[in-house]
Enquirer: 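Got a structure for you, questions after.
Remember, it's 1-based here, ligands and their atoms both numbered in the order they're listed. The structure displayed is predicted, hence computed values, not measured ones.
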Amino acid sequence: MELLKQRILRDGSVKPGNVLKVDSFLNHQMDIGLINEIGKEFKRLFSDIPVTKILTIEASGIGIACITAQYFNVPVVFAKKAQSINLDGDMYTTKVESFTHKRVYDVIISRKYLNPDDHVLLIDDFLANGASLLGLIDIVKKSGATLEGAGIVIEKGFQPGGRIIRDMGVRLESLAIIESMSEDSLTFRE
Ligand code: 5GP
């Protein structure tokens, strides 16, 4: 997605530890005009699948998922990181190792909001090692719902997540795939 790539080149910055900062437009301050275009693009890419729910993980996936959901007319469910919350009833749970915070979280979703009739589209801001998506995929499997695909805003193609998820046969669409990055250069996969 050209608009997104141009924005990454203009406003993104690369930090030590292979972290791309896009805080000024994607996951701290949010450029809603851009995210609206991102939502439209996900709708275009997944227009042929029957989505009943969009699933993401807190926190930075939520805003993107919500705007995208307006184009699919479906609810958003977000997986919660478990320490400080209390959901009633039964939960699906899984473990996710956070790329940015370098720790393992228990992640939960209430059984009320995902069931075998659902057709699920996963949405997240970044794909790096794949732990977040693998956690969400595990929860979809546990629920008996159908996984229809995954939409990622920025995939770091030099990290293994994309290959792992595609090798599982999951339909994965990333709007920008970074081939390589360093403090003074960044290239995209064509
Ligand atoms: P993964 O689970 O695929 O290793 O990492 C995905 C999660 O880590 C994303 O949800 C995102 O929040 C965070 N993340 C991974 N890489 C980056 C990065 O380069 N920049 C930012 N801002 N977040 C990242």
Enquirer: Look at atom 16 (N) of ligand 1 and say which protein heavy atom is nearest, naming residue and atom and giving the distance to 0.1 Å.
Expert: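 Residue, atom and distance for the closest contact: Lys156 NZ, 2.9 Å.
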
Enquirer: Of the choices Ser132, Ser60, Gly135, Gly61, which has the non-hydrogen atom that lies closest to atom 7 (C) of ligand 1?
Expert: Ser132

Enquirer: Within ligand 1, which atoms have a heavy atom of Leu127 less than 4.0 Å away?
Expert: 3 (O)

Enquirer: Is the shortest side-chain heavy-atom distance between Ile108 and Lys81 below 4.5 Å?
Expert: no

Enquirer: Does at least one non-hydrogen atom of Asp124 fall below 4.0 angstrom from an atom of ligand 1?
Expert: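 A heavy atom of Asp124 does come that close to ligand 1.
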
Enquirer: Quick check: Leu133 and ligand 1, any N/O pair under 3.5 Å apart?
Expert: no

Enquirer: Relative to the heavy atoms of Asn129, which atoms of ligand 1 are at a distance of less than 4.0 Å?
Expert: 1 (P), 3 (O), 4 (O)

Enquirer: Could you please spell out the steps behind the side chain to side chain donor-acceptor pair (under 3.5 Å) verdict for Asp138 and Thr94?
Expert: CA-CA 7 Å; Asp138 184 44; Thr94 193; 2.7 Å; yes

Enquirer: So, is Glu97 polar-close to ligand 1, with some N/O to N/O distance under 3.5 Å?
Expert: no

Enquirer: Heavy atoms, side chains only, cut-off 4.5 Å: are Thr187 and Met181 in contact?
Expert: no

Enquirer: Do Arg7 and Asp31 sit within salt-bridge range, that is, some charged N less than 4.0 Å from a carboxylate O?
Expert: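 Yes, charged N to carboxylate O under 4.0 Å.
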
Enquirer: Could you walk me through whether Arg189 and Glu179 satisfy the salt bridge (Lys or Arg N to Asp or Glu O under 4.0 Å) test, starting with their C-alpha distance in whole Å, then the side-chain angles of each, then the deciding distance to 0.1 Å, before giving a yes or no?
Expert: CA-CA 5 Å; Arg189 191 179 294 170; Glu179 190 66 62; 3.3 Å; yes

Enquirer: If the cut-off is 4.0 Å to any non-hydrogen atom of Asn27, which atoms of ligand 1 fall inside it?
Expert: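 So the atoms of ligand 1 that pass are 22 (N).
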
Enquirer: In terms of residue, atom name and distance, what is the protein heavy atom nearest to atom 23 (N) of ligand 1?
Expert: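 Scanning the protein heavy atoms, the shortest distance from atom 23 (N) of ligand 1 goes to Phe126 CD1, 3.5 Å.
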
Enquirer: Could you name the option among Asp125, Leu26, Leu20 that has the heavy atom nearest to atom 9 (C) of ligand 1?
Expert: Asp125

Enquirer: Transitively linked via ILVMFWY side-chain contacts under 4.5 Å: Leu4 with Leu172?
Expert: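 Hydrophobic grouping puts Leu4 apart from Leu172.
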
Enquirer: Looking only at atom types and distance, does a side-chain atom of Ser110 sit under 3.5 Å from a main-chain N or O of Lys112, one as donor and one as acceptor?
Expert: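 Judged by distance alone, yes, a pair lies under 3.5 Å.
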
Enquirer: Going by distance alone, is a donor N or O of one side chain under 3.5 Å from an acceptor N or O of the other, for Tyr71 and Asn36?
Expert: yes

Enquirer: Keeping Lys53 on the side-chain end and His119 on the backbone end, is there a donor-acceptor pair under 3.5 Å?
Expert: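 No, the answer is negative, given that no donor and acceptor are paired below the 3.5 Å cut-off.
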
Enquirer: Check whether any heavy atom of Lys21 sits under 4.0 Å from an atom of ligand 1.
Expert: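 No.
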
Enquirer: Who's the nearest protein heavy-atom neighbour of atom 15 (C) of ligand 1, and how far?
Expert: Phe99 CD2, 3.3 Å

Enquirer: Check whether any N or O atom of Ala131, backbone or side chain, sits under 3.5 Å from an N or O atom of ligand 1, and answer yes or no.
Expert: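 Right, the criterion is met.
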
Enquirer: For Asp125 and Ser60: C-alpha separation, side-chain torsions, deciding distance, then whether side chain to side chain donor-acceptor pair (under 3.5 Å) applies.
Expert: CA-CA 7 Å; Asp125 59 344; Ser60 48; 2.8 Å; yes

Enquirer: Using a plain distance cutoff, I'd like to know if Gly130 has any nitrogen or oxygen under 3.5 Å from a nitrogen or oxygen of ligand 1.
Expert: yes

Enquirer: N/O of Val19 under 3.5 Å from N/O of ligand 1, yes or no?
Expert: no

Enquirer: Find all atoms of ligand 1 within a distance of less than 4.0 Å from any non-hydrogen atom belonging to Asn18, and give their numbers and elements.
Expert: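 Listed by number with element: 19 (O).
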
